[in-house]
Amino acid sequence: MLKVVVLVSGGGTNLQAILDSIGDGRIRNARVEAVISNNPGAYALERAKKAGIPALCISPKTFENREAFNRAFLAKLDELQPDLIVLAGFLVVLPKEMTQAYSGKIINIHPSLIPSFCGKGFYGLKVHEAALERGVKVTGATVHFVDEGTDTGPIILQKAVSVEPGDTPEILQKRVMEQAEWVILPKAIDMIANNEL
Ligand code: GRF
C-alpha cells in the first residue's frame, strides 16, 4: 500500500479527485496518510477532515523565519514517512533539502502543457491568462516529478484541452481542471502505486 501525503494551499479539488479515485478504485493500492496545508484557511483541510484523514497546517507565519518553517515541514514529513508526496495546488516553493531528501518521490500537477506557460510566476489563473494572451488553441495539464527547479522535473502524464472562443481565464481554468487535472493526477498516483510507470 503506497503511503501518500498530499500538500495543499487552497480549495483542494485535486485532493478531492484523489480521494474520490481511491474510493471508487481508479487509484489502487494507495492511501492518503495525511494532508498538510501551509494556509490555515484552505478548504482542502475540510475535505480531508470529512474523509477522516489527518489534516495538518504548518503555516510559515508561525515561524520566525523561512528556515525554521522549512525545518518543521521536513520534520513532519520525515515523521510521516511517505512513499509519495503529491503537490496538489501547493503554492510554497520546496526547499532544496526536501527535494533532495524525497528525490523521485514528489509529484506536482501543473495546469498547462509543460514546457509552455510554466516556471517562476506561472501559477493559478496566471497560467490561463498567459495561454489566452498567446492565443494557443490547445492547452492542458501536466503531472511531473519535482526536482530543484520550478516545473522542470521529468514529465509523467499530460492531457490536452481545447481553448474555445470566448474563454476567460476562469472558464479555461475550470475546463483544464475537469478534463485534465482531475483525470491525470489520480492516474499518475495509480501508476506509481502499481509500478506501471
Ligand atoms: C490547480 O489548478 C493546480 O493545477 C494548481 O493549483 C490549482 C489547485 O486547485 N497547481 P485545487 O486546490 O486542487 O482546487
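Atoms within each ligand, like the ligands themselves, are counted from 1 in listed order. Starting from 1, each residue takes its place in the sequence as its number.
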Practice task
Look at ligand 1 and say whether Val8 reaches it with a heavy atom at a distance under 4.0 Å.
Solution key: no

Practice task
Return yes or no for this condition: an N or O of Glu181 is under 3.5 Å from an N or O of ligand 1.
Solution key: yes

Exercise for the section: Output the list of atoms in ligand 1 that are nearer than 4.0 Å to some heavy atom of Pro111, sorted by atom number. Expected result: 4 (O)

Exercise for the section: Answer yes or no: are there more than 12 heavy-atom neighbours, outside Glu64 itself, under 6.0 Å from its atom CD? Expected result: no

Fill in the blank from the handout: From the list Phe63, Tyr102, Phe90, ring pair (Phe, Tyr, Trp, His ring centres under 6.0 Å) with Phe73 holds only for Phe90

Problem - Close N or O approach (His110, ligand 1; < 3.5 Å) - result: no

Handout entry: More than 12 heavy atoms from other groups under 6.0 Å of CD on Glu133
Key = no

Practice task
Using non-hydrogen atoms of the residue, decide whether Gly124 is closer than 4.0 angstrom to ligand 1.
Solution key: no

Practice task
Do me a favour and list the nearest non-hydrogen protein atom to atom 14 (O) of ligand 1 with residue, atom name and distance?
Solution key: Thr13 OG1, 2.6 Å

Practice task
Quick one: closest heavy-atom pair of Asn29 and Met1, and the distance?
Solution key: C-SD, 3.4 Å

Fill in the blank from the handout: Looking only at heavy atoms, the pair that brings Gln158 and Ile184 closest together is CA-CD1, 4.1 Å

Handout entry: Nearest-neighbour protein heavy atom for atom 12 (O) of ligand 1, which is reported as residue plus atom name and distance
Key = Gly12 N, 2.8 Å

Practice task
Please determine if Met177 has a nitrogen or oxygen closer than 3.5 Å to a nitrogen or oxygen of ligand 1.
Solution key: no

Practice task
Could you list the atoms of ligand 1 found under 4.0 angstrom from a heavy atom of Ile109?
Solution key: 4 (O), 10 (N)

Handout entry: Tyr123 OH: over 12 foreign heavy atoms closer than 6.0 Å
Key = no

Practice task
Search all heavy atoms of Ser162 against all heavy atoms of Leu172 and return the closest pair with its distance.
Solution key: O-CD1, 4.2 Å

Practice task
Considering only non-hydrogen protein atoms, determine which one is nearest to atom 8 (C) of ligand 1 and report residue, atom name and distance to 0.1 Å.
Solution key: Gly89 CA, 3.6 Å

